[in-house]
Amino acid sequence: MPSLAAPGFDLDLTLRSGQFFRFRPDGDGFLLVDSGRVLRLRPQGDRIEYRGGTAAHVRRLLGLDADHGAALAALRRDPLLAAVLPRYAGMRIMTQDPWVCLVSFVCSSMSNMKRIQGNVEGIARAFGPALEDGIHDFPGPAALPAGALAPIRLGWRERFVAGLFARVDPARLHALAARPFEEARAALMELPGVGPKVAECVMAFSLGFGEACPVDVWIRRVGRRLWFRNRRVPDRRIADRFRATFGRHAALAQQIWFQAVRDGVPVGQAPR
DNA sequence: GCTTGACCTGAAGCA
DNA sequence: ACGGCCAGGTCAAGG
């Protein structure tokens with residue numbers, strides 16, 4: 001089985017951090033679906049063994065192309081993040097297919113990991129071409145018959161997802177990766193069900209905008225406590241503060257804080 | 001601009 | 001078992 005170098009990379013942490021939903025445990029590794037490929041990954045020390053795709057695909061998907069040493073150095077410049085960093089230094093920002101990422105995060109509103117995973121898998125199973133026995137690629141945008149999404153149980157997100165399937169041009173979506181930050185963000189927010197949070201998720205986790213910083217309820221709490229004496233401030237100010245502090249590593253800083261607070265790590269104290 | 005409530009469903013966690 | 005000052009938000013309306 002081929003393998004690639006991944007020093008200090010934590011596959012389990014990265015996959016369970018809520019960036020990407022098309023994975024499941026598979027033996028002593030994971031099975032992932034992205035961009036028409038079924039990838040089987042297994043950590044082996046400082047390497048990742050892989051089957052089903054190219055090394056370039058795996059490296060890109062897992063965020064292993066970035067200069068992680070430089071990123072960690074930037075993160076350590078903030079003492080409070082430095083305090084929790086040892087536990088989360090293996091986190092990477094993934095780069096998945098933007099269309100799948102977009103639909104996934106529109107499904108994520110007021111939902112949870114397990115349910116989002118079920119929704120995304122359900123859409124793939126219902127409308128996507130089979131890749132292997134029981135494993136389907138995610139379907140591209142296309143006009144779906146009225147009511148076709150009903151069995152997926154998306155609830156009030158259904159009309160948003162239907163709108164995305166009707167309106168999105170994947171080529172234009174990909175092309176946003178080359179646009180300036182504000183322009184890409186505004187273009188995404190034109191889409192149904194896409195507000196600031198979902199827009200920055202798509203930018204961070206699929207379009208390569210390292211300065212993107214999705215502000216959800218958890219990051220809102222962290223940001224308020226770290227920088228605004230626990231006062232209410234607009235989400236935009238929190239995201240801007242992440243960008244001012246961490247620059248193009250804001251997305252990684254955000255993702256580490258997100259995971260840390262969800263793990264119950266106290267904010268602004270040394271880990272015990 | 002900022003605040004508020006509605007929106008489908010499923011199931012964590014606690015009687 | 002049962003069901004809520006829930007849940008990783010967005011949208012449209014209102015003061």
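All values below were derived from every heavy atom in this structure, side-chain atoms included, with hydrogens, water molecules and symmetry-related copies excluded.
- Residues passing the ring pair (Phe, Tyr, Trp, His ring centres under 6.0 Å) test with A/Phe21, sequence neighbours excluded: A/Phe105.
- Residue A/Val33 shares its hydrophobic cluster (ILVMFWY side chains chained together at separations under 4.5 Å) with A/Leu31, A/Val38, A/Leu131, A/Ile135.
- Backbone-only contact: A/Arg153 has heavy atoms under 4.0 Å from sugar-phosphate atoms and none from a base.
- Residue A/Arg224 places its CZ atom among more than 12 non-hydrogen atoms of other residues, nucleotides or ligands, all under 6.0 Å distant.
- Counting non-hydrogen atoms of neighbouring residues, nucleotides and ligands closer than 6.0 angstrom, the CZ atom of A/Arg51 reaches no more than 12 such neighbours.
- By the 6.0 Å contact criterion, CZ on A/Arg60 is open, its count of non-hydrogen atoms from other residues, nucleotides or ligands being 12 or less.
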Between the protein and nucleotides 3-5 of chain B, which nitrogen or oxygen pairs are less than 3.5 angstrom apart?
none

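- Distances from the side chain of A/Asn112 to the nucleotides C/dG8, B/dT9, B/dC2 place C/dG8 closest.
- When the C1' atom is compared between B/dT9 and C/dA12, the two are found 22 Å apart, to the nearest whole Å.
- To the nearest angstrom, C1' of B/dT9 lies 13 Å from CD1 of A/Ile116.
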Distances under 3.5 Å only, N/O to N/O: pair up the protein atoms with those of nucleotides 10-12 of chain C.
{"unit_1": "C/dT10", "atom_1": "OP1", "unit_2": "A/Gly195", "atom_2": "N", "d": "2.9"}
{"unit_1": "C/dT10", "atom_1": "OP1", "unit_2": "A/Gly195", "atom_2": "O", "d": "3.2"}
{"unit_1": "C/dT10", "atom_1": "OP1", "unit_2": "A/Lys197", "atom_2": "N", "d": "3.3"}
{"unit_1": "C/dT10", "atom_1": "OP1", "unit_2": "A/Val198", "atom_2": "N", "d": "2.9"}
{"unit_1": "C/dC11", "atom_1": "OP1", "unit_2": "A/Gly193", "atom_2": "N", "d": "3.1"}

Read 5' to 3' with Watson-Crick or G-U pairs under 3.5 Å, [ ] for crossing pairs and | for partners on another strand, DNA chain C gives .|...||.||||||.
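- No hydrogens or angles were tested; on distance alone, a donor-acceptor pair under 3.5 Å links the side chain of A/Arg157 to the base of B/dC8.
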Donor-acceptor list for residues 246-254 of chain A side chains, cut-off 3.5 Å, not counting sequence neighbours:
{"unit_1": "A/Gln254", "atom_1": "NE2", "unit_2": "A/Pro214", "atom_2": "O", "d": "3.1"}

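- Using cut-offs of 30° and 60° on the angle between ring planes, the pair A/Phe30 and A/Phe23 is perpendicular.
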